Amino acid sequence: MSRMMTQAAVTMGQLQNRLDLISNNMANTNTTGYKTQNANFSSLLFQQMNNPPADEANEQNRATSDGIHIGTGSYLSSTNPLMTMGTIKTTDRNLDAALVNDNQFFTITAEDGKEQYTRAGNFYLQPQNDGTVALTTADGDFVNSAEGPIALQADFDSITINDRGEIVVGRNGVNAVEANLAITAIDNPRVLTRTGDNNFTLADPALAQAIAQDEVELQAGSLEGSNVDLSQQMTAMINTQRAYQFNARSISMSDQMSGLINQIR
């Protein structure tokens, strides 16, 4: 296989990964708290060809570099979430809460028992075998307080999350705060790893900073929408498709040129 075909084939595979990423962003346009994923590309290793002889390489005042550097394509080196705020929409639902500050997250416990983070504040109640009721995400992960997963006694009349992240429970006509949502600040979004289900994980817990309860700011009865810019994603998809077609055309042209060379022989 020629160098042209190798470079094009490698790059096409990585462009397909970018198309998949863009498609995932577009599919989550209406997902609560979803953060756009951006693709970063890097060049693969290059090969140095036609190196000059040693005596020529040592010439003084050489204006060009030694030999020819030929790349082997590009690859999708990393994906980073765009952590800008999405539009906050009022739902008037008692268990909905929207974070109003960038780089802050609700802390949750996933099925594997590990701590994860999410911006989605659409919470639900799930009865447990011990007679308590747990506060969970839409995917069934437990929502945490500073002490761990939130579990309440089931004999309540009402339950509400207020703007301070307090869970106010009404029992026999008396309202009382029985738990507080754990809010975590993570200043550098590059350290986050997406785990699926709109959640993130952190390799080094020391990079997360718990927000003091008196500093928590939420918008109760509201949800943060996705921050996906659909027009921007459509533009990125068209550009990626054109780049994919260009590389596919390169393979076709290389094949045609090889055929012509074989006929000349």
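Model, not experiment: these values are computed from the prediction.
In this structure, the side chains of Lys89 and Leu223 stay at 4.5 Å or more apart for every pair of heavy atoms. Side-chain contact between Phe105 and Ile211: absent, with no pair of heavy atoms (C-beta onward) separated by less than 4.5 Å. You'll find the side chain of Leu135 reaches within 4.5 Å of the side chain of Leu125, heavy atoms only. Put simply, the side chain of Thr107 does not reach to within 4.5 Å of the side chain of Val143, judged on heavy atoms. Inter-residue side-chain proximity for Tyr244 and Gln16 is flagged as met; some heavy-atom pair is nearer than 4.5 Å. Put simply, the side chain of Thr240 reaches to within 4.5 Å of the side chain of Ile22, judged on heavy atoms. Side-chain contact between Glu224 and Lys35 is present, with at least one heavy-atom pair separated by less than 4.5 Å. Using a 4.5 Å heavy-atom threshold, the side chains of Tyr34 and Asn24 count as touching.
Minimum interatomic distance between Met83 and Asn103 (heavy atoms only, all atoms of both residues): CB-OD1, 3.6 Å. Nearest approach of Gly131 to Ala154, heavy atoms of both residues: O-CB, 3.4 Å. The two residues Leu181 and Gln213 come nearest to each other via the heavy atoms O-OE1, 3.8 Å. Listed here is the closest heavy atom pair of Pro149 and Phe142: CB-CB, 3.8 Å. Across every non-hydrogen atom of Asn80 and Arg190, the tightest pair is ND2-NH1, 2.8 Å. Taking each heavy atom of Val177 and Asn180 in turn, the nearest pair found is CG1-OD1, 4.1 Å.
The local environment of CG in Asn172 is sparse, with at most 12 non-hydrogen atoms from other residues, nucleotides or ligands closer than 6.0 Å. Annotation for Tyr124: atom OH counts as buried by contact number, over 12 foreign heavy atoms lying within 6.0 Å. With a 6.0 Å radius and a threshold of 12 heavy atoms from other residues, nucleotides or ligands, Gln126 has its CD atom above the threshold.
Formation of a donor-acceptor pair under 3.5 Å by the Asp163 side chain with backbone atoms of Ala220 is found in this model. Remark: the backbone N or O of Gln128 is not paired with any side-chain donor or acceptor of Thr132 at under 3.5 angstrom. Judged by distance alone, the side chain of Ser252 and the main-chain N or O of Ala248 form no donor-acceptor pair under 3.5 Å. Although no hydrogens or angles enter the test, the distance criterion places a donor-acceptor pair under 3.5 Å between the side chain of Ser226 and the main chain of Val228.
Note on Asp157 versus Arg171: no salt bridge recorded, every NZ/NE/NH1/NH2 to OD/OE distance being 4.0 Å or above.
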Q: Show the numbers, then the answer: is there a side chain to side chain donor-acceptor pair (under 3.5 Å) between Thr201 and Thr195?
A: CA-CA 7 Å; Thr201 188; Thr195 62; over 6 Å; no
(Q) Show, in sequence, the C-alpha distance, side-chain angles and deciding distance for Asp141 and Glu111, and conclude whether the side chain to side chain contact (heavy atoms under 4.5 Å, CB included) test is met. (A) CA-CA 6 Å; Asp141 297 323; Glu111 291 183 359; 4.2 Å; yes
Q) Do Leu152 and Val169 pass the side chain to side chain contact (heavy atoms under 4.5 Å, CB included) test, and can you show the C-alpha distance, the side-chain angles, and the key distance before you say yes or no? A) CA-CA 9 Å; Leu152 307 170; Val169 179; 4.0 Å; yes
(Q) One pair to check against side chain to side chain contact (heavy atoms under 4.5 Å, CB included): Arg164 and Glu217. What are the steps and the verdict? (A) CA-CA 6 Å; Arg164 297 180 297 279; Glu217 294 182 46; over 6 Å; no
**Q.** Audit row: Leu202, Leu192, side chain to side chain contact (heavy atoms under 4.5 Å, CB included) steps and yes/no
**A.** CA-CA 5 Å; Leu202 198 57; Leu192 292 168; 4.0 Å; yes
Q: Begin with the C-alpha distance, continue with both residues' side-chain angles, and end with the deciding distance and a verdict on side chain to side chain donor-acceptor pair (under 3.5 Å) for Thr84 and Asn227.
A: CA-CA 7 Å; Thr84 56; Asn227 70 348; 3.2 Å; yes
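Phe200 and Phe123 are not part of a single hydrophobic cluster, where members link through side-chain heavy atoms under 4.5 Å apart. Under the 4.5 Å side-chain contact rule for hydrophobic residues, Ile186 and Leu99 do not share a cluster. Tracing side-chain contacts under 4.5 Å through hydrophobic residues (I, L, V, M, F, W, Y), one reaches Phe156 starting from Leu95; they form part of the same cluster. In the hydrophobic clustering of ILVMFWY residues, with side-chain heavy atoms under 4.5 Å counting as a link, Leu82 and Met85 come out apart.
The CG atom of Asn122 lies 9.0 Å from the OG1 atom of Thr91; values are rounded to the nearest 0.5 Å. To the nearest 0.5 Å, atoms CG (Asn144) and CD1 (Ile108) are separated by 8.0 Å. Going from atom CG of Asn17 over to atom CG of Asp20 covers 6.0 Å, rounded to the nearest 0.5 Å. Taking CZ of Arg119 as the start and CD of Gln104 as the end, the distance is 7.5 Å to the nearest 0.5 Å. With rounding to the nearest 0.5 angstrom, the CG atom of Asp96 is 11.5 Å from the OG1 atom of Thr160. To the nearest 0.5 Å, atoms CG (Asp229) and CE (Met26) are separated by 11.0 Å.
Cation-pi contact between Arg194 and Tyr117: absent, since separation from the ring centre below 6.0 Å together with deviation from the ring axis within 45° is not met.
Using modelled atom types, one finds no donor on one side chain facing an acceptor on the other under 3.5 Å when comparing Thr137 with Asp139.
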